[in-house]
Amino acid sequence: MSMLPNAEPKAAEASKPHLIETAELDRMAMHFVGNLNRYRENIVIPKNNGPVQIKTNEQKLIETAVESCAFKSAMACVMGYGLGAALGLFTASVNPNMADPFANEKKQTAREVFREMRSTTHSYAKNFALIGAVFSIVECTIESQRGVTDWRNGTYAGGITGGLIGLRAGIKAGVIGGLGFAAFSTAIDYYMHNR
């Protein structure tokens, strides 16, 4: 008999014909297959164009929201309203609606001039906001359906937007407006991508 306690069970266990214990198999499976947690330090990304920054979930969420069609169209509407207001204000300020000083007509007061400037500015702003929103929605829809980002999206969107806006004045104006807006959109895209 041995002096060591429990010597016989270890000897009986050692006599069993197995190579790897169950606990070792579990450790090996976890090593090779891995658990469900993924650690960013283990990701290998080649650094061809400078340092690589992995985006957090919050950054991905914000990027998804900013790249959505609704956000793009809302921003185009707001920016169009601002640009239209600026152009309307400039147009109203150079508008020759001044009364003839030698005529016996009633002269315009400052309040009437500002009221007219406000209506002109608001009219331009609404038109530019409408054009920006329609163009952005149509372009985003075409880009989503085609699955390609290129100059044709802007051309098609310009043609549809110009046609829709021109249809208020008739079929001929719609066709001319569509062709003109498509040509303008193509020229702007060409300039922005090739400068």
Exercise for the section: Answer with yes or no whether the hydrophobic clustering places L89 together with F128; edges join I, L, V, M, F, W, Y residues whose side-chain heavy atoms lie under 4.5 Å apart. Expected result: no
Completion exercise
When every non-hydrogen atom of I165 is compared with those of I131, the smallest separation belongs to CD1-CG1, 3.3 Å
Handout entry: Same apolar cluster (I L V M F W Y, side chains within < 4.5 Å links), L130/I160
Key = yes
Practice task
Can you run down the side-chain hydrogen bond (donor to acceptor under 3.5 Å, both in side chains) pairs that involve residues 130-141, sequence neighbours left out, and say none if there aren't any?
Solution key: none
Handout entry: With sequence neighbours excluded, residues passing disulfide bond (SG atoms under 2.5 Å apart) with C77
Key = none
Completion exercise
For F71, the other hydrophobic cluster members (4.5 Å side-chain criterion, sorted by chain and number) are I62, V66, M75, M79
Handout entry: Selection residues 157-195 - residue pairs positive for disulfide bond (SG atoms under 2.5 Å apart), sequence neighbours left out
Key = none
Practice task
Could I get the full list of salt bridge (Lys or Arg N to Asp or Glu O under 4.0 Å) partners for R146, not counting sequence neighbours?
Solution key: D150
Problem - Sequence-distant partners of T149, side-chain hydrogen bond (donor to acceptor under 3.5 Å, both in side chains), two or more places apart - result: E143
Exercise for the section: Starting from the C-alpha separation in whole Å, work towards a yes-or-no answer on side-chain contact (heavy atoms from CB on, under 4.5 Å) for L61 and N57. Expected result: CA-CA 6 Å; L61 182 68; N57 290 336; over 6 Å; no
Exercise for the section: Mind jotting down which residue pairs meet the disulfide bond (SG atoms under 2.5 Å apart) criterion with at least one end in residues 117-195? Sequence neighbours excluded, please. Expected result: C69-C140
Expected list for residues 180-189: side-chain donor-acceptor pairs under 3.5 angstrom, two or more places apart:
from: S185; atom 1: OG; to: F181; atom 2: O; distance (Å): 2.9
from: T186; atom 1: OG1; to: T155; atom 2: OG1; distance (Å): 2.5
from: T186; atom 1: OG1; to: A182; atom 2: O; distance (Å): 2.8

Problem - Under 4.5 Å side-chain linkage, directly or through intermediates, the cluster mates of V78 - result: none
Handout entry: Single-linkage hydrophobic cluster, 4.5 Å side-chain cutoff, V134 and Y156 together
Key = yes
Problem - Transitive ILVMFWY cluster of V148, excluding itself - 4.5 Å side-chain cut-off - result: none
Problem - Other ILVMFWY residues reachable from Y190 by side-chain steps of under 4.5 Å - result: none
Problem - Any donor-acceptor pair under 3.5 Å from T161 side chain to G158 backbone - result: no
Handout entry: Residue pairs passing the side-chain hydrogen bond (donor to acceptor under 3.5 Å, both in side chains) test where at least one lies in residues 63-84, sequence neighbours excluded
Key = K55-E63, Y81-H122
